[in-house]
A.B. asks: 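First the structure, then my questions, so here it is.
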Amino acid sequence: DLTYYIGENSAGIPTLYRNIDGISSPLVEGVERMKLDYGIEDNVTGTGQRNVAAMYLSASQIQANCSDPMSVPVPETCLWPDVISVRASFIMRSKEAVFGKDIAKTYTLPGVDQLDLNANDQYARSIYSTTFTLRNRLIGDRTNKG
C-alpha cells in the first residue's frame, strides 16, 4: 500500500509524508494542505477536444461511478480511464513564525470543492498550484475506455 498524508513532524512543522507498506517517511516540510483534482477528457458527448480536460473532478466524484474493487472491463460510467491530467494544489507554511503579531487570514485552494484554511498566527503562507498531464494517456490511439 502507498499513501500520502499530512502530519506534524517532531518539531511541530506540518509535513507531507509518504507511507509505503506501513513505513512512513517525511517528504516535504511546510505542507499544511494538499488537494488533487483530476482532469476528465470529454469522450462522453464527443464534443470535447482530445487531450484537453473538459472538467475537473475529485477522486470521490470519479469513484462514485466505478465499481469497488475495479472490475475489468471498466464500466462505461467509470471516468478513471478518461483522466488525462492532475491539478495539485498546496498551502505551504513557513517553518518559523515570521510576523511580530498574529495575522488573521483565510487561504483558499481552488478546485472542485474549495478547501479553506483559516489561520490566525504569525506564520507566512503561500498557495501553489500546478497542472500536469498524464503522458501515457496522450500518446497513440485509444478508445473511450483505454
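Everything quoted here is computed from the prediction, not taken from an experiment.
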A.B. asks: Looking only at non-hydrogen atoms, find the nearest pair between Pro110 and Asp37 and report the distance.
C.D. replies: O-OD2, 3.9 Å

A.B. asks: Does the side-chain contact (heavy atoms from CB on, under 4.5 Å) test come out yes or no for Ile84 and Ile40, once each step is laid out?
C.D. replies: CA-CA 6 Å; Ile84 60 164; Ile40 306 295; over 6 Å; no

A.B. asks: Same cluster for Ile127 and Tyr123 if Ile/Leu/Val/Met/Phe/Trp/Tyr side chains link at under 4.5 Å?
C.D. replies: no

A.B. asks: Can you confirm whether or not the ring centre of Tyr17 sits under 6.0 Å from the ring centre of Tyr5?
C.D. replies: yes

A.B. asks: What are the two closest heavy atoms between Ile13 and Gly30, and how far apart are they?
C.D. replies: CG2-N, 3.7 Å

A.B. asks: Take the angle between the ring planes of Trp80 and Tyr38 and call it parallel below 30°, perpendicular above 60°, tilted in between.
C.D. replies: perpendicular

A.B. asks: Is it true that Leu115 and Phe90 fall in one hydrophobic cluster, defined by side-chain heavy atoms closer than 4.5 Å?
C.D. replies: no

A.B. asks: Side chains of Val28 and Met92: closer than 4.5 Å at any heavy-atom pair?
C.D. replies: yes

A.B. asks: Who pairs with Asp102 by side-chain contact (heavy atoms from CB on, under 4.5 Å), at least two apart in sequence or on another chain?
C.D. replies: Asn120, Gln122

A.B. asks: Applying ring-ring contact (aromatic ring centres under 6.0 Å, His included) as the test, list every pair that has at least one member in residues 91-114; sequence neighbours left out.
C.D. replies: none

A.B. asks: Donor-acceptor pair, Ser60 side chain versus Ser58 backbone, under 3.5 Å?
C.D. replies: no

A.B. asks: I need the minimum non-hydrogen distance between Asn19 and Asp21, along with the two atoms involved.
C.D. replies: OD1-N, 3.8 Å

A.B. asks: Which atom names give the shortest non-hydrogen contact between Ser85 and Ala53, and what distance separates them?
C.D. replies: OG-CB, 4.0 Å

A.B. asks: Do the side chains of Ile20 and Ile6 join up, straight or via other hydrophobic residues, at under 4.5 Å, putting them in one cluster?
C.D. replies: yes

A.B. asks: What's the shortest heavy-atom distance between Leu79 and Ile62, and which atoms?
C.D. replies: C-CG2, 4.0 Å

A.B. asks: Can you give me the closest heavy-atom contact between Cys78 and Asp82, atom names plus distance?
C.D. replies: O-OD2, 4.4 Å

A.B. asks: Could you tell me whether the side chain of Thr15 reaches within less than 4.5 Å of the side chain of Pro26, counting heavy atoms only?
C.D. replies: yes

A.B. asks: Honestly curious: do Phe132 and Leu27 fall in one hydrophobic cluster under the side-chain, below-4.5 Å linking rule?
C.D. replies: no

A.B. asks: Under 4.5 Å between side-chain heavy atoms, hopping through other hydrophobics if needed: is there a path connecting Ile23 to Leu16?
C.D. replies: no

A.B. asks: Scan residues 90-99 for pairs that pass side chain to side chain donor-acceptor pair (under 3.5 Å), counting only residues two or more places apart or in two chains.
C.D. replies: Glu29-Lys95

